[in-house]
Number of protein chains: 2
Amino acid sequence: MGSRDRKQSGSGASGRFAYEGLDRAIHEKARLGILTSLAAHRDGLPFNHLKELCALTDGNLNRHLAVLEEAGLIEMTRSTGKGRPKTTVALTNSGRQRFGQYISVLEQVVKDAARSRRKAEAGAAKLSAGWSPA
Amino acid sequence: MGSRDRKQSGSGASGRFAYEGLDRAIHEKARLGILTSLAAHRDGLPFNHLKELCALTDGNLNRHLAVLEEAGLIEMTRSTGKGRPKTTVALTNSGRQRFGQYISVLEQVVKDAARSRRKAEAGAAKLSAGWSPA
């Protein structure tokens, strides 16, 4: 029996909204934008293009890329041809897979929120129709 | 002309993946679970029920509730009847509205990620069909 089973014993609702699949390396707002940008580009994106897409400064983008590289989600390639060296950033295979799993959890959050909203609205409608709890 | 317009000048793609609507008070993983739980309950939830739904310790839940209260997203009511005092946590009206706006941005992230995936897969299919760039 895994730790997940133990944690959920006692009540079916326990941990229902814990969202353990929301990997913190991915979930941070700026990194979420970076990964969504990269997911469309199998061959990667130049640093400057990514910076513009995500409206980040050089310093901030560098800091977030370091976290993503450390987590094994992206890889960076530095090419030195004519002119200035160019950095290209791309998802790793594992990064692509983990980002897909993360997005599945995010879809679940959106579904849960929609269900919560319907439930709250149904309750409010009952009240405004004159129904009141005993 | 607002700062948003200035930031987006120069290129239509600029800031496309900045996701400025992802309010950090809401976006943090545990707080996202707390707010999704509360969104279903107009009359609020008891502290202990919330703790169980989100699989948080007393200390962690208290810490996150303080952030949410400070941000004006939730309100807490302490009732002192028979036995131990009971804390009930509920979304404020403004909290309910802001959570709805946040969820709209989350939906956009999920859509963007799906579009990115389709784009990357179309590229990979071209390559495996023998097409190669000049």
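Excluded from the calculations below are hydrogen atoms, water molecules and symmetry mates; all remaining heavy atoms, backbone and side chain alike, are included. Naming convention: chains lettered A, B, ... in sequence-line order (proteins, then strands); numbering from 1 in each chain. It should be emphasised that the depicted structure is a prediction, and the values quoted were computed from it without experimental measurement.
- Heavy atoms of Arg115(A) lying under 4.5 Å from chain B are absent altogether.
- When the candidates Ala122(B), Ala40(B), Ser37(B) are compared by the number of heavy-atom contacts under 4.5 Å with chain A, Ala40(B) comes out ahead.
- In this structure, Arg117(A) and Ile103(B) have side chains that are not in contact, with every pair of non-hydrogen atoms separated by 4.5 Å or more.
- Of the charged side-chain nitrogens involved, at least one lies within less than 4.0 Å of a carboxylate oxygen, so that Arg24(A) and Glu28(B) count as a salt-bridged pair.
- Counting heavy atoms from C-beta on, the side chains of Thr36(B) and Tyr19(A) come closer than 4.5 Å.
- The line from CZ of Phe17(A) to CG of Leu35(B) is 11.5 Å long, rounded to the nearest 0.5 Å.
- In this structure, Ala120(A) and Arg96(B) approach most closely via the heavy-atom pair CB-NH1, 3.8 Å.
- Of all the heavy atoms in Glu107(B) and Val110(A), the pair that sits closest is CG-CG1, 3.3 Å.
- The CZ atom of Arg16(B) sits 9.0 Å away from the CG atom of Leu53(A) when rounded to the nearest 0.5 Å.
- No continuous path of ILVMFWY side-chain contacts below 4.5 Å connects Ile26(A) to Val67(A), so the two sit in separate hydrophobic clusters.
- The most heavy-atom pairs under 4.5 Å with chain B, out of Gly100(A), Gly33(A), Ser104(A), Ala114(A), come from Gly33(A).
- One hydrophobic cluster, built from ILVMFWY side chains closer than 4.5 Å, holds both Phe47(A) and Leu45(A).
- A donor-acceptor contact shorter than 3.5 Å is absent between the side chain of His41(B) and the backbone of Ser116(A).
- Most heavy-atom pairs under 4.5 Å with chain B: of the set Arg42(A), Glu121(A), Lys29(A), Lys51(A), this distinction falls to Lys29(A).
- Of all non-hydrogen atoms in Ala18(B) and Cys54(A), the two that sit nearest each other are CB-O, 3.6 Å.
- For the atom pair CG of Leu22(A) and CG of Leu32(B), the computed distance is 6.5 Å after rounding to the nearest 0.5 Å.
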